[in-house]
Amino acid sequence: MKHLGRAAAFAGLLLAIWLVKRDNPEAVLALLRTAGAGLILAGLAHVLPMLANARDWQTLIRGANRPGLAGMLHLVWIRESVNGMLPVARVGGEIVSFRLMRRRGLRGSTAAASLIVDTQLTLISQMLFTMVGIGYLFTHAASNALRLAGNLAWGVVALAPILVLFALIQHASPFERISGLLNRMTSGRLAALVGESAHIDRQILTIWRRRGVVLRYLFFWQPLQACTTALEIWLALHFLHAPVGVFQAIVIESLIQALSSAAFFVPGALGVQEGGFILIGGALGLDPTTSLALAGARRIRDLVVFVPGLVAWQLAESSGLARTRFAQAGARLSRASEGVTENSRT
């Protein structure tokens with residue numbers, strides 16, 4: 001996977017460079033310079049959808065050790081930064097956030113279940129918003145965009161069985177069954193894993209049974225997240241002197257997210273994102289230069305938000321390691337002092 005990610009990143013980078021060179025690199029750069037600091041403001045607006053994501057993810061967690069909103073925002077920031085910037089097939093961020101949640105005192109099964117259900121609900125809502133974007137293309141775009149809309153529609157059809165499988169498999173205790181199989185293969189050496197996996201399955205079912213939480217996630221928090229993410233597109237196009245309506249910005253964002261998710265194995269959706277902006281922007285009347293400048297604005301967002309997020313991840317890991325070493329040193333000191341006391345008594 002590591003080598004595949006690097007190869008995909010290199011191929012995507014070549015594609016992105018080719019897309020820029022075949023158009024008019026000077027015009028794209030001139031447009032970006034004209035927008036100036038406005039694109040940084042558009043990138044910083046990504047804090048708003050991260051905040052919405054932090055809150056909707058937080059609602060899936062119960063217990064005394066549930067992180068506060070600021071803590072959840074920190075986790076979302078790191079998760080998105082790892083998934084968006086590193087060759088981790090968009091799952092590395094979940095692994096990192098799980099580690100950080102465990103260090104915050106959250107039970108492993110609770111943390112894992114919240115991450116799994118958050119991913120499931122995000123995929124469902126993403127499919128819904130992709131269908132909205134496709135419907136808009138069918139009804140408003142020019143005739144030459146119908147092929148694009150049709151291809152995207154087939155992609156949604158292909159995704160639907162996966163979502164149905166998500167809904168069905170949660171009742172089959174998948175983690176307990178898999179860990180039980182591994183335990184039998186290792187002659188009972190993974191008995192503890194079987195118990196923890198059973199806890200994860202029960203936690204997942206518990207979250208799905210909280211219908212009010214699930215419905216608010218799908219029909220309030222996720223739409224709010226989609227609208228605030230589209231605000232980045234709207235602001236960027238405003239500063240690029242190519243203003244669009246709010247709903248058009250939502251359509252662009254929903255379809256770009258669908259393409260980026262489909263190309264999950266390409267780090268940062270390099271090349272895929274640039275090509276997607278050209279295709280979708282063209283279908284909505286944006287010229288290739290503006291579409292590529294919009295893709296550049298998205299890359300500026302990555303630099304402004306996600307690179308600091310990677311730094312925050314390293315700081316979190318180092319501080320956690322320091323706390324672990326401090327605790328271990330304290331334990332050793334305690335054992336040593338107990339030994340000295342025992343020797344003095346004898």
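We count residues from 1, following the sequence as given. Values below: all heavy atoms of this structure, side chains included; hydrogens, waters and symmetry mates excluded.
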Verify same cluster id: Trp77, Leu44 (apolar side-chain graph, 4.5 Å): yes

Residues that His241 engages under ring pair (Phe, Tyr, Trp, His ring centres under 6.0 Å), provided they are two or more places apart: none

Any donor-acceptor pair under 3.5 Å from Arg210 side chain to Thr59 backbone: yes

Heavy-atom side-chain proximity of Asn65 to Arg104 below 4.5 angstrom: no

Pairwise distance CG(Leu60) to OG1(Thr110) - rounded to 0.5 angstrom: 11.5 Å

Where Phe98 and Gly108 come nearest, the two heavy atoms and their spacing: CE1-O, 3.3 Å

Sub-4.5 Å side-chain heavy-atom contact between Val76 and Leu51: no

With sequence neighbours excluded, residues passing salt bridge (Lys or Arg N to Asp or Glu O under 4.0 Å) with Arg301: Glu232

Verdict with reasoning, Ile252 to Leu237, per side chain to side chain contact (heavy atoms under 4.5 Å, CB included): CA-CA 11 Å; Ile252 293 172; Leu237 286 172; 4.3 Å; yes

Within-4.5 Å side-chain heavy-atom neighbours: Arg66 and Arg62: no

Test item: Met85 and Asp302 side chains (from C-beta on) under 4.5 Å apart, heavy atoms: yes

Interatomic spacing from CH2 in Trp57 to CG in Leu73 - rounded to 0.5 Å: 11.0 Å

Distance-minimising heavy-atom pair for Gly309 and Ser81: CA-OG, 3.3 Å

Beyond-backbone contact of Cys227 with Ile250, side-chain heavy atoms, under 4.5 angstrom: yes

Separation of Arg299 CZ from Leu39 CG (nearest 0.5 Å): 14.5 Å

Atom of Trp313, atom of Ile78 and distance for their closest heavy-atom approach: CB-CG2, 3.6 Å

Same cluster (ILVMFWY, side-chain, under 4.5 Å), Met50 and Val96: yes

Listed partners of Phe247 passing ring pair (Phe, Tyr, Trp, His ring centres under 6.0 Å), at least two apart: Tyr136

Exam field: side chain Arg107 to backbone Ala111, donor-acceptor pair closer than 3.5 Å: no

Pair Thr289-Leu31, side chain to side chain contact (heavy atoms under 4.5 Å, CB included): steps then yes or no: CA-CA 8 Å; Thr289 299; Leu31 201 53; 4.3 Å; yes

Residue pair Glu80, Asn53: steps toward the side chain to side chain contact (heavy atoms under 4.5 Å, CB included) verdict: CA-CA 11 Å; Glu80 287 194 19; Asn53 187 201; 4.1 Å; yes

Backbone N/O of Val311 and side chain of Gln314: donor-acceptor pair under 3.5 Å: no

Considering all heavy atoms, the nearest His74-Ala316 contact: CE1-CB, 4.1 Å

Sidechain N-carboxylate O distance under 4.0 Å for Glu26, Arg33: no

Ring pair (Phe, Tyr, Trp, His ring centres under 6.0 Å) partners of Trp234, counting only residues at least two apart: His238

Transitive ILVMFWY side-chain link Val213 to Phe220, under 4.5 Å: no

Results of ring pair (Phe, Tyr, Trp, His ring centres under 6.0 Å) for His46 - residues two or more places apart only: Phe306

Interatomic distance, Leu315 atom CG to Leu310 atom CG [nearest 0.5 angstrom]: 11.0 Å

Heavy-atom pair with the smallest gap, counting every atom of Ala242 and Thr290: CB-CG2, 3.6 Å

Spatial distance of atom CD1 (Ile278) from atom CG (Leu286) [nearest 0.5 Å]: 11.5 Å

Student check: side-chain heavy atoms of Leu231 and Leu48 closer than 4.5 Å: yes

ILVMFWY network linking Ile95 to Leu75, side-chain heavy atoms under 4.5 angstrom: no

Exercise: do Gln225 and Trp221 side chains pair donor with acceptor under 3.5 Å: no

Nearest-0.5 Å distance that lies between atom CD1 in Ile204 and atom CZ in Arg202: 11.5 Å

ILVMFWY network linking Val91 to Ile124, side-chain heavy atoms under 4.5 angstrom: no

Partner residues of Asp118 under the salt bridge (Lys or Arg N to Asp or Glu O under 4.0 Å) criterion, sequence neighbours left out: Arg79

Side-chain donor/acceptor of Gln58 to backbone N/O of Pro67, under 3.5 Å: yes

Minimum-distance pair of heavy atoms, taken over all atoms of Leu240 and Ala35: CD2-CB, 3.8 Å

Full working for side chain to side chain contact (heavy atoms under 4.5 Å, CB included) between Ile233 and Arg298: CA-CA 8 Å; Ile233 297 287; Arg298 180 55 56 92; 3.3 Å; yes

